[in-house]
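Ligands are counted one by one from 1 in listed order, and the atoms in each one are counted from 1 as well. Keep in mind the model is a prediction, meaning the values are calculated, not measured.
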Amino acid sequence: MSKVTRQSLKSASISVRGIVQGVGFRPFVYGLAVKHNLKGWVYNTSEDVRIEVEGEAEAVEQFELELEAKAPPLAHIESVTIEHHPPLGYKNFEIRQSQAQEGKYQLISPDVATCQACLGELLNPEDRRYRYPFTNCTNCGPRFTIIEDMPYDRPKTTMRSFQMCPQCQKEYDNPLDRRFHAQPNACPKCGPRVELVDNQGNLVTPIESGSNPIAAASQLLKEGKIVAIKGLGGFLLACDATDDTVVKTLRQRKKRSSKPFAIMVATVDEAKRHCYVSPEEENLFTSPQSPIVLVRWREDSSVSREVAPNLRFLGVMLPYTPLHHILLRDTGLPLVMTSGNLSEEPIARDNDEALRRLSGIADYFLIHNRDIYSRYDDSIAIVERGTSQLIRRARSYAPYPIRLSFEAKQVIGCGAEEKNTFCLTKDNYAFLSQHIGDMENMETLEHFDSTISLYKRLFHIEPEIIAHDLHPDYLATKYARELGESGMKLIPVQHHHAHIASCLADNGLESAVIGVAFDGTGMGADGNIWGGEFLVADCRNFRRAGHLEYLPLPGGAAAIKRPYRTAIGYILTLLGENALDHDLPVMREADDMEIEVIKRQIERKINSPLTSSVGRLFDTISALLGIRGEIDYEGQAAVELEMAALSSVIARPVPSEARELDEAIRSNNESYPYHIVEDEGIRIVRLRDLLSAVIDDLHQGISKGMISVKFHNTVARMINEMCHLIADETPMVSGVALSGGVFQNRLLLQKTVSLLESSGFQVFTHRQVPCNDGGISLGQAVIANFAV
Ligand SMILES: [Zn+2]
Ligand SMILES: [Zn+2]
């Protein structure tokens with residue numbers, strides 16, 4: 001070792017920002033300092049981790065390099081600032097007390113799925129945490145769901161009521177231990193416990209399984225019972241996914257007749273027995289986020305078709321808490337795991353609340369005494385064209401912020417009615433909330449309100465500007481207007497502009513693109529219902545460059561629930577009464593009287609709002625083909641139309657890999673005619689020829705699946721052609737952003753992106769933020785930032 005002289009000594013003050021607390025960062029820094037023989041200290045503040053190191057110049061430089069390069073897996077470093085100064089002569093390296101500062105905030109880690117080291121202990125009969133369902137460490141476990149305030153220390157979490165035993169305390173205090181300052185640290189001696197109760201709240205201790213509540217719950221699941229299980233962000237309802245009868249019972253009790261359920265399986269190998277899993281999907285399954293991934297369902301899977309009726313995709317997740325790991329291994333079955341709620345209410349969180357709200361659904365409750373502070377649903381993701389996209393952003397993703405390309409004001413975007421989220425901006429961040437739900441009941445509104453308060457408190461945001469949808473009846477709009485009355489500045493934002501701005505922010509862009517916003521319904525600037533929009537838009541303004549032609553929705557909301565009404569309305573308007581051929585499958589849905597009513601509504605323009613919605617066009621084709629005339633959940637008609645297309649192109653025998661399925665789908669390019677006209681500078685897509693060609697094919701006996709394929713191809717071609725026309729007249733714009741719930745249709749997304757890319761467009765799709773209304777609050781907040 002070289003002799004250390006005063007000259008070769010160097011000292012550095014370092015500030016690290018990002019997700020650097022609760023993720024094992026300080027022990028990592030400690031280890032790194034010791035390794036390089038450096039002296040000084042490290043501590044947490046409310047906004048960063050502060051480090052002071054001194055030692056040999058070369059060692060300090062190496063420390064600075066490795067600080068970023070070798071950071072723990074869950075750390076997410078946003079910035080590192082380093083200042084050098086003369087050494088102060090520290091004698092050792094120490095971890096100092098955290099310091100709270102007024103008005104400062106820092107990023108918070110979302111909850112993280114059980115890590116391999118903890119899983120190893122959980123499954124090891126020799127370990128003191130064998131089968132202990134609350135095992136966690138600095139690399140995994142609950143975070144956001146238990147945090148009440150910052151800085152992140154045990155007294156500010158729902159773990160405060162559990163006093164650590166000497167062994168746990170020793171782990172907690174040892175900088176070299178995996179559990180050093182792991183705030184939820186616990187063991188069977190000192191931590192939370194599970195209990196099994198019946199739906200009256202009476203304790204159940206079946207003798208066969210000893211007194212182990214998890215083993216007992218597993219036994220009940222195997223016997224065909226429904227068990228409500230308290231998880232990370234709320235209760236999930238579980239049952240045997242291979243048992244038709246119990247899945248049907250769950251549907252009846254939950255009042256959810258056909259909306260798909262997700263399942264949980266013990267391992268990736270088990271997932272592969274039921275689904276086609278690509279390497280990218282496998283990565284997502286085993287990621288620290290462990291979301292529900294929508295994967296292609298195998299024909300030979302033993303999972304009941306009742307789990308996701310009429311669908312070829314299945315939502316699958318792996319266990320993400322120790323409790324799930326034990327339960328799945330004990331039952332040896334794929335389990336349905338669906339949010340513990342009645343249809344669209346928020347997920348149940350507390351034990352009493354769950355017993356009150358879910359006793360009509362679940363036979364038993366596996367509960368525990370670690371409180372959940374923040375309600376969270378499971379996140380849902382897909383992998384398309386090799387990259388993952390979120391359909392629902394919740395557990396393990398929120399509240400990690402979206403990084404903005406500009407310095408933001410303190411703004412709140414209140415979101416839309418369905419799949420609501422809100423979004424708060426500050427500095428370079430957009431804090432998009434977890435999925436709140438459909439804003440149609442008081443419970444959800446309360447969840448919305450209390451989550452806003454939590455985010456404001458944790459991230460020290462006091463919004464001065466409120467962005468909201470144009471729709472006056474959305475509960476989120478009403479909420480915004482109430483705040484407006486107290487003097488805050490209100491910025492109304494058009495729904496589809498918000499979709500495109502959200503896609504821009506998701507891709508770190510601000511400049512103008514051709515925005516294709518396709519969804520179900522959104523209030524337009526002209527008072528009509530938009531949803532098939534071609535905008536030239538940036539984060540500030542938009543121009544409506546084109547749209548699908550306006551057609552009536554006979555009965556408004558009734559037509560959305562009953563797509564056959566929309567279909568009949570479209571036929572009447574585009575092709576006339578003579579086209580209402582009684583051989584068409586859609587005509588079997590309505591009786592003569594209802595058809596008369598529809599006619600009158602359209603002729604006299606009574607309760608028949610006009611819409612340019614692509615969602616309604618998908619509904620129309622689905623109903624016309626006799627696939628789905630009446631829906632149980634939003635998007636069902638369109639999704640089943642997509643499934644019909646997939647079924648028709650998939651070769652038999654069923655290929656062994658997902659990739660082969662994709663190739664089969666890409667190979668068909670037939671489409672239907674339509675035409676584009678210009679009206680006062682706006683291009684309109686006329687649909688008469690399309691509708692008439694579909695009806696011709698039906699009469700010719702062409703299969704529904706093949707018609708659906710041709711229809712998907714047509715919509716993709718339509719997008720491509722419109723983008724060309726718009727690009728020709730706006731030469732400065734060459735990028736295309738795709739947003740809106742219709743792009744959850746993977747077949748359409750694939751076809752559209754490949755057409756656009758092969759004609760030279762740069763295509764932007766969503767990545768971190770859902771393309772559906774769950775992403776809209778981000779767009780609203782971004783636009784409001786530019787508007788003032
Ligand atoms: Zn762990
Ligand atoms: Zn303990």
Side-chain angles (χ1 to χ4, degrees), residues 19-28 30-31 70-76 108-147 152-155 157-195 212-214 231-233 266-268 283 285-291 317-329 368-371 376 395-396 400:
I19 293 186
V20 284
Q21 297 190 20
V23 292
F25 200 77
R26 286 173 304 168
F28 155 71
Y30 180 93
K70 295 190 175 170
L74 298 182
H76 201 110
I108 300 172
S109 169
D111 296 32
V112 177
T114 309
C115 74
Q116 286 304 310
C118 285
L119 182 60
E121 293 170 347
L122 192 68
L123 302 178
N124 174 10
E126 306 299 315
D127 195 276
R128 73 188 191 94
R129 289 191 174 85
Y130 177 57
R131 287 179 66 91
Y132 181 59
F134 302 95
T135 303
N136 67 82
C137 71
T138 48
N139 298 321
C140 73
R143 293 288 186 281
F144 195 68
T145 52
I146 60 166
I147 293 176
Y152 174 55
D153 279 321
R154 191 154 169 134
T157 71
T158 60
M159 283 297 292
R160 87 170 83 72
S161 51
F162 300 96
Q163 178 78 42
M164 275 184 277
C165 69
Q167 255 176 307
C168 285
Q169 188 69 47
K170 217 173 128 191
E171 295 166 337
Y172 184 91
D173 292 335
N174 177 5
L176 298 177
D177 194 280
R178 205 172 89 244
R179 298 197 162 91
F180 175 72
H181 282 224
Q183 305 306 343
N185 190 27
C187 78
K189 257 189 246 162
C190 65
R193 290 162 194 282
V194 292
E195 274 177 357
N212 187 313
I214 304 179
L232 271 182
T267 60
V268 173
N283 284 342
F285 272 133
T286 54
S287 67
Q289 288 79 23
S290 189
M317 63 183 146
L318 298 192
Y320 55 84
T321 71
L323 193 152
H324 295 143
H325 277 289
I326 303 168
L327 194 72
L328 266 289
R329 278 172 166 76
H368 61 69
N369 56 348
R370 185 179 73 198
D371 287 342
Y376 260 69
R395 174 184 53 77
S396 296
Y400 191 73

Checklist entry - When you draw lines from the Zn ion (ligand 2) to SG of C187 and to SG of C190, what angle lies between them, to the nearest 10°? => result 110°
Item to check | Apex the Zn ion (ligand 1) - arms SG from C137 and SG from C118 - angle rounded to 10° | outcome: 100°
Checklist entry - Between CZ of R154 and CE of M164, what distance do you get to the nearest 0.5 Å? => result 4.0 Å
Checklist entry - Are any of the side-chain heavy atoms of N369 and F162 separated by less than 4.5 Å? => result yes
Checklist entry - Between H181 and Y172, what is the ring plane arrangement, given parallel below 30°, perpendicular above 60°, and tilted in between? => result parallel
Checklist entry - Between CG of L318 and OG1 of T267, what distance do you get to the nearest 0.5 Å? => result 7.5 Å
Checklist entry - At the Zn ion (ligand 1), what's the angle from C140 SG to C115 SG, rounded to 10 degrees? => result 110°
